[in-house]
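Inspection log for the structure reproduced underneath, given as structure tokens.
Atom set for the values below is all heavy atoms of this structure, side chains included, hydrogens, waters and symmetry mates excluded. Whatever order the structure lists ligands and atoms in, that order sets their numbers, starting from 1.
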Amino acid sequence: MVKHSSRIYLKQSALKSNFNFLRRKVGDDTRISSVVKANAYGHGIETFVPMAEKCGISHFSVASAFEAEEVLNACSPKSKIMIMGILYEEDIPWAIEHEIEFYVFNYDKLEKACKAAKSIGKPAHLHIEVETGANRTGMNAKEFSKTLTYLKKHKKHLVFEGLCTHFGGAESLSNQFKIDAQHKRYKEFLKECKAKKLLPKYRHIACSAAALAMKDTVYDMVRIGVAQYGFWPSPDIYYLHLQEVDKKSDGNALKRIFNWKTDIMDIRHVNAGEFIGYGTAFQATQDMRIAVMPLGYSNWLSPSLVKSRSGTHRWQESTNSGPDQYEPLHG
Ligand SMILES: *Cc1c(COP(=O)(O)O)cnc(C)c1O
């Protein structure tokens, strides 16, 4: 039985090219953590992770233990995995056992991690997240100070793997004042580490937008999500890049790795003046021969995506990797 009338393809050469581009942007001394939460932004963890490893990636970031396990099943034993989001208390021992790194954003979790590490007999690899202005997750200065003391005291069980924070909206230039303030506060936390003589292995704050456009936010590691899949985080970041390279367009800088191909269900003739499909969105202005695809909005082929071809998404379109990027949307 034929199961799937349309299929998703991921392009290894485009991914390689994206990582090469990102590598040039962040420099050789900065580790790239590939953010593969939400099933690798819909691309599929199982397929994507080995592809990224072929490009030299050996660090993956996810949002939960469940996702970490999916990466663990797909990655090479040498790769590291980091949980940036929710980690239930009952999953802490599993994470430590499998040497999965995880964020700690409150003191309570710190003590629980230590207790678990002690009883397992293996250290917990922690990324301490600090609050700098996004008010999502992260410790305040007081909690952080206590945390440093605690880390020092329990060095045997707790590894200070990273010091991190997350920007609230680095992709938009109108947020620049907020991002700058966040970065400034982050540096205060770093200062405290220096004063207490306890430094993290990795300092990391940059997501795709920051890594691409704000060089001073690039420390020992960057957490790259959307850009690796070939998308610019926003028009702002794309135009900043164009300014930097002094070009009018740079369609080959980031390439979509995602390709969606479908079989054709039927080929038919439509007379001039008739409407095609739902409503009146498309009227044939001439006699036409059309192909019908076995796909609709239930498959995420959104009508608004079809319209965006000529609309506000033009900046993104100019970064297409090939002429067939939006091809199914012509249907
Ligand atoms: C999702 C996420 C990222 C990646 O963001 P992109 O904009 O897709 O690069 C980085 N850091 C954290 C904490 C995230 O949750």
Side-chain angles (χ1 to χ4, degrees), residues 15 18-19 21-23 25-26 30-45 48-49 52 55 57 59-68 70-71 80-87 100-106 109 126-139 161-173 175-176 178-179 182-183 185-186 189 200 202-215 217-238 240-241 253-258 316 319:
L15 185 63
N18 292 344
F19 279 126
F21 173 72
L22 287 159
R23 170 66 50 222
K25 281 275 184 194
V26 303
T30 298
R31 192 167 195 185
I32 294 178
S33 181
S34 163
V35 180
V36 292
K37 67 191 179 198
N39 202 23
Y41 291 40
H43 292 71
I45 281 180
F48 181 82
V49 164
C55 302
I57 297 297
H59 198 281
F60 295 94
S61 295
V62 293
S64 67
F66 173 69
E67 290 176 344
E70 291 194 320
V71 176
K80 300 280 180 213
I81 303 166
M82 174 171 88
I83 300 172
M84 307 182 293
I86 189 164
L87 177 60
I100 309 276
E101 305 166 8
F102 54 93
Y103 273 31
V104 167
F105 37 78
N106 57 44
K109 190 63 110 346
L126 311 180
H127 292 261
I128 308 298
E129 188 185 17
V130 288
E131 165 55 41
T132 56
N135 281 300
R136 197 164 78 165
T137 45
M139 293 182 183
E161 198 71 36
L163 179 69
C164 50
T165 195
H166 190 46
F167 292 132
E171 71 287 342
S172 172
L173 286 181
N175 295 333
Q176 203 56 50
K178 183 180 154 186
I179 302 306
Q182 283 197 260
H183 190 188
R185 277 186 214 145
Y186 178 76
F189 285 102
Y202 291 93
R203 298 162 296 171
H204 55 100
I205 58 177
C207 54
S208 296
L212 287 168
M214 295 154 227
K215 294 224 162 13
T217 66
V218 174
Y219 287 90
D220 312 304
M221 188 159 83
V222 288
R223 305 183 303 263
I224 303 290
V226 70
Q228 66 185 332
Y229 305 109
F231 295 84
W232 287 91
S234 70
D236 290 9
I237 302 299
Y238 178 53
L240 271 177
H241 166 72
L254 285 176
K255 300 173 180 173
R256 300 285 177 82
I257 69 164
F258 189 99
Q316 188 80 59
T319 69

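- Ring orientation note: the planes of His59 and Tyr202 are tilted relative to one another, at an angle of 30° to 60°.
- In this structure, Tyr186 and His183 have tilted ring planes: the angle between them lies in the 30° to 60° band.
- Partners of Ala65 by side chain to side chain contact (heavy atoms under 4.5 Å, CB included), not counting sequence neighbours, listed by chain and number: Ile83, Leu87, Asp91, Trp94.
- The closest donor-acceptor contact from the side chain of Glu67 to the backbone of Ala38 lies under 3.5 Å.
- Protein residues lining ligand 1, listed by chain and number: Val35, Lys37, Tyr41, Met84, Arg136, His166, Cys207, Ser208, Arg223, Ile224, Gly225, Val226 [non-hydrogen atoms, distance under 4.0 Å].
- Donor-acceptor pairing under 3.5 Å is lacking for the side chains of Glu129 and His166.
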Original post:
Between Phe48 and Tyr229, does a ring pair (Phe, Tyr, Trp, His ring centres under 6.0 Å) hold up when you go through it step by step?
Top reply: CA-CA 10 Å; Phe48 181 82; Tyr229 305 109; 5.0 Å; yes
